[in-house]
Amino acid sequence: MDRYDPLKIEQKWQKIWAETEAFKAGPIDEKLPNGDPKPKKYLAEMFPYPSGAGLHVGHVRNFTIVDVLARFYTQQEMNVLRPFGYDTFGLPAENYAIKTGISPQSATATNIANFRKQAQKLGYAIDWSREINTSDPEYYKWTQWCFLQLYKAGLAYQKESYQWWCPVDQTVLANEQVENGHCWRCGSEVEKKKMKQWFFKITAYADELLDGIDALDWPDKIKTMQKNWIGRSEGAEVDFQIADKDENITVFTTRPDTLFGATFLVLAPEHPMVSELATPATAEKVKQYCQDALKKSEIERQENKEKTGVFTGSYAINPASGEKIPIWVADYVLIGYGTGAVMGVPFGDERDFEFAEKFDLPVIQVIEAPDNSPESSRFYHGEGTLVNSAQFNGTRTEDAREQIVAWLEERGLGRPKVTYKMRDWLISRQRYWGCPIPIAYDKDGNAHPIPEDQLPVMHPEIEDYKPDDSGRSPLAKAEDWLKVTLKDENGNDIECIRETDTLDGYACSSWYLWRYVSPHDDQAAWDPEAIKYWAPTDIYVGGDHAVAHLLYVRFWCKFFADQGYLPFREPIKKLLYNGYINAPDGKKMSKSKGNVIDPLEVIESGYGADTLRTYEMFIGPYDQDAAWNTEAIGGVYRFLNRCWTIVFNPEKNAADLSADDLAARKTLRHKTIKKVTEDIHRCSFNTAVAALMEFVNNIFAAPLDEDKIALAKLLKPFAPHLASEMLEKLGSDDVWPTWDESALAADTVEVVVQVNGKLRAKLSVSPDLLSDADQLQALALADANVQKFTAGREIRKVIIPKAAKLINIVV
RNA sequence: GGGCGAGUGGCGGAAUUGGUAGACGCGCUAGACUCAAAAUCUGGUUCUCGCAAGGGAGUGAGGGUUCGAUUCCCUCCCCGCCCACCA
């Protein structure tokens with residue numbers, strides 16, 4: 001007798017799917033049989049970086065979620081776009097090249113081939129005709145085009161500033177790539193370095209990026225993280241005149257109501273006015289302090305919250321009180337936020353209070369807390385009424401904020417101001433393996449865009465990938481490639497040198513979801529008709545990049561919508577943020593710990609791809625982390641084996657069911673169809689699989705043909721090879737089954753009887769009785785066990801809720 | 001320090017709108033098949049008292065609302081993640 005042989009079945013169907021191009025998305029004008037346009041679903045995972053290690057179980061979870069949904073919607077006769085691609089630029093390939101001498105181009109090609117082969121072994125319903133690769137000139141030509149659009153609109157610009165610099169990878173990093181003062185890639189401590197760099201002006205969209213978050217069908221966790229990252233705060237700028245000088249220092253504050261309590265000013269060490277404010281007596285000390293602060297790593301600045309600072313020797317005038325107040329320099333003030341200068345209000349701000357205590361600066365109480373407030377009187381940052389604030393005394397702090405700003409504004413000393421924690425996106429990288437920036441410089445150093453008809457700026461092949469601390473990328477070594485002749489507006493030649501920095505990889509991934517709609521288009525980044533039909537992406541699945549990538553895609557979407565290239569302003573309708581799969585010991589899988597589970601080994605050990613896929617869906621809720629359980633996967637295999645037996649083992653086919661059994665079976669079948677359908681809709685994949693297991697346990701001894709067909713159809717998104725084999729044997733199509741509400745009602749229903757909320761009996765009654773409260777109550781009270789608890793007591797209340805088959809007797 | 005999420009049997013987890021706590025799976029266990037084992041099949045499996053029928057306890061701890069709370073509210077404990085001198 002045959003046995004369930006997953007590897008044989010899977011090979012057979014993978015071959016059929018490849019030969020028939022089974023998962024090619026339909027045309028954008030595809031019609032239903034009745035002539036209506038076919039509804040579409042566009043699903044995608046966050047495309048992988050194809051590492052040399054191949055797919056890991058985390059990829060499998062991520063891709064399988066997309067695959068279950070893609071197959072589910074396909075079986076529901078929708079036009080499904082389920083593409084796949086590779087995010088190939090980046091440091092690992094380059095570091096590998098430095099170590100081995102194998103070029104990133106060649107390593108990438110090898111890794112892609114391996115990833116493709118592995119994804120095919122998992123039976124994914126991918127439209128392979130749409131494969132993309134960000135380091136392919138056909139693709140990065142259009143990344144460069146996107147850059148030029150941003151450049152033309154003034155949203156790509158150069159600025160000299162202090163930047164995070166990773167001394168090991170020898171490149172600058174974006175804020176988002178610095179984690180706790182360490183490089184996100186190599187983990188080494190980062191430094192600040194002053195350099196001229198390219199930026200995208202993401203802050204131009206700060207408000208829209210923030211305001212759009214609430215309406216997104218995304219996990220709250222991600223939404224909160226994005227909000228915090230943008231970090232909008234409303235306040236005011238206030239100008240403090242420098243004493244005896246005709247110059248101002250402008251500060252940002254969210255608490256203008258406490259202005260009268262400002263007893264000093266503090267500037268960040270990097271503030272441009274610091275050296276000018278130092279007096280001959282303090283100059284040496286100030287200079288020393290600023291140099292030390294710059295040298296200090298961000299770690300040290302963060303870890304050591306003990307306030308430090310130095311007096312500049314200069315004074316400013318508090319515009320409200322007219323008092324002369326000292327100007328200090330301290331590293332607790334950050335140059336990148338607000339104006340890089342703050343007013344010190346020790347009474348109203350804990351940090352300013354610590355600073356004032358340490359350096360013996362005066363504290364003026366400016367807020368009186370409400371009587372019942374337990375706050376200490378030494379400082380208080382809550383709401384209250386103003387004191388020691390001249391004409392504003394007695395005003396509530398909430399009102400005073402507006403009034404004081406208005407008062408300042410009338411006198412030209414201040415204005416309302418909104419600031420953001422989010423900075424512009426630093427995009428230049430001094431590395432080889434990235435998309436070349438399509439810019440060249442003339443002999444005077446002026447930047448010129450490369451004309452669109454000369455794209456792509458090809459990535460030059462070089463021998464030596466090593467970066468150095470020159471601040472220039474290895475591209476500078478490609479001498480022939482460097483030189484380019486451009487034309488000025490009069491048609492005269494300009495000799496130029498190309499930009500040698502490359503683009504942050506996040507730029508490449510900021511638009512790939514749109515490339516998928518027309519991946520081989522050589523006329524445009526994306527086809528306007530195709531984008532109108534397919535985009536925005538309906539469901540996007542990933543477990544990483546909560547802020548960076550997912551914020552950048554939204555930014556580019558809004559930008560290209562403004563340019564008229566996209567007919568929508570949010571790129572992703574629904575986001576599924578899947579959890580990690582950890583090692584059996586609950587720790588993160590890592591090569592060094594030797595606890596990595598290799599999905600290909602799981603498949604080839606005999607379990608097959610269907611078991612692996614189904615197990616990863618069954619392992620727990622998709623959005624929670626889960627630990628791999630080497631034994632539990634056997635349970636899923638046994639389940640699929642039973643599915644196989646039901647269809648292929650004829651001995652189990654003899655059904656000899658009574659009329660009652662047949663009716664109960666019909667109810668069960670329709671219930672299961674409903675449960676699985678609804679569970680997939682709400683992405684509760686683990687309970688959908690559980691419902692199928694329950695169904696199989698119930699029908700196993702005597703399956704009907706209808707049961708087998710329903711089972712195979714419902715199973716197909718999870719275990720597509722086995723289900724296809726079953727459907728072929730059964731001679732059935734794979735159209736998703738529907739349930740009949742009327743078939744869900746069983747002949748008898750169970751009603752639970754509680755006395756004082758405790759379960760005392762279960763009654764089996766006809767469904768008609770559910771609406772007959774009196775008779776139900778009579779039946780319940782007649783039950784022997786119920787009477788044990790009601791005997792001799794007065795029945796005070798009987799509750800029969802509509803929503804539940806339950807009766808609660810209160811005595 | 002701030003924000004978010006979570007805490008349910010030996011384990012992973014289920015309970016969708018306040019209505020039978022523990023679905024499904026692992027593990028364990030008894031039986032069938034077998035010379036035997038594996039595989040497979042059929043039962044049992046929260047703890048506890050009881051031969052059983054049945055009783056008592058029970059969703060991190062304590063309190064509250066309710067006829068009824070894993071679910072809602074308050075206080076606290078522990079774990080995980082994210083942000084963190086952002087004025």
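Numbered from 1 within each chain, the chains take letters A, B, ... in sequence-line order. The figures that follow rest on heavy atoms only: side chains count, while hydrogens, waters and symmetry mates do not.
The gap from the C1' atom of B:G5 to that of B:G10 amounts to 26 Å, rounded to the nearest Å. One C1' atom belongs to B:G62, the other to B:C85, and the distance between them is 37 Å to the nearest Å. Spacing between B:A87 and B:C82 at atom C1', rounded to whole Å, works out to 22 Å. Going from the P atom of B:U75 to that of B:C83 covers 27 Å, rounded to whole Å. Nucleotides B:G64 and B:U71 are separated by 15 Å at their P atoms, to the nearest Å. Look at the C1' atom in both B:G9 and B:U45: the space between them is 10 Å, to the nearest Å.
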I would like to know whether A:Asp207 and A:Tyr420 meet side-chain hydrogen bond (donor to acceptor under 3.5 Å, both in side chains); could you show each step before the answer?
-> CA-CA 9 Å; A:Asp207 279 321; A:Tyr420 303 88; 2.6 Å; yes
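Under 4.0 angstrom from either OP1 or OP2 of B:A14 there lies at least one side-chain N or O belonging to A:Asn686. A close approach under 4.0 Å does occur between a side-chain nitrogen or oxygen of A:Lys758 and OP1 or OP2 of B:A57. Residue A:Arg642 has no polar side-chain atom (N or O) positioned under 4.0 Å from OP1 or OP2 of B:U40. Between A:Asn697 and B:G25 there is a side-chain N or O to OP1 or OP2 distance below 4.0 Å. Close to B:G55, at under 4.0 Å from its OP1 or OP2, lies a side-chain N or O of A:Arg760. A:Thr687 has no side-chain polar atom (N or O) that falls below the 4.0 Å cut-off from OP1 or OP2 of B:A15.
Separating the CD atom of A:Glu694 from the C1' atom of B:A14 is a distance of 10 Å, rounded to the nearest angstrom.
For A:Phe264 and A:Phe355, the distance between ring centers is under 6.0 angstrom. Aromatic pair A:Trp644/A:Tyr637: ring centres not closer than 6.0 Å.
Nucleotide B:A30 forms a pair with B:U42, judged by Watson-Crick or G-U wobble geometry with both contacts under 3.5 Å. Across all strands shown, the partner of B:G5 is B:C79, judged by Watson-Crick or G-U wobble contacts whose two distances both fall under 3.5 Å.
Residue side chain A:Lys221 does not reach the base of B:C82 through any donor-acceptor N/O pair under 3.5 Å, judged by distance alone. Side-chain to base pairing of A:Lys675 with B:U16: one donor and one acceptor N or O lie within less than 3.5 Å of each other.
Checking A:Phe618 against A:Thr253, the closest nucleotide of RNA chain B that is more toward the 5' end is the one next to A:Phe618. Annotation: of the two residues near RNA chain B, A:Asp679 and A:Gly634, the 5′-most nearest-nucleotide partner is A:Asp679.
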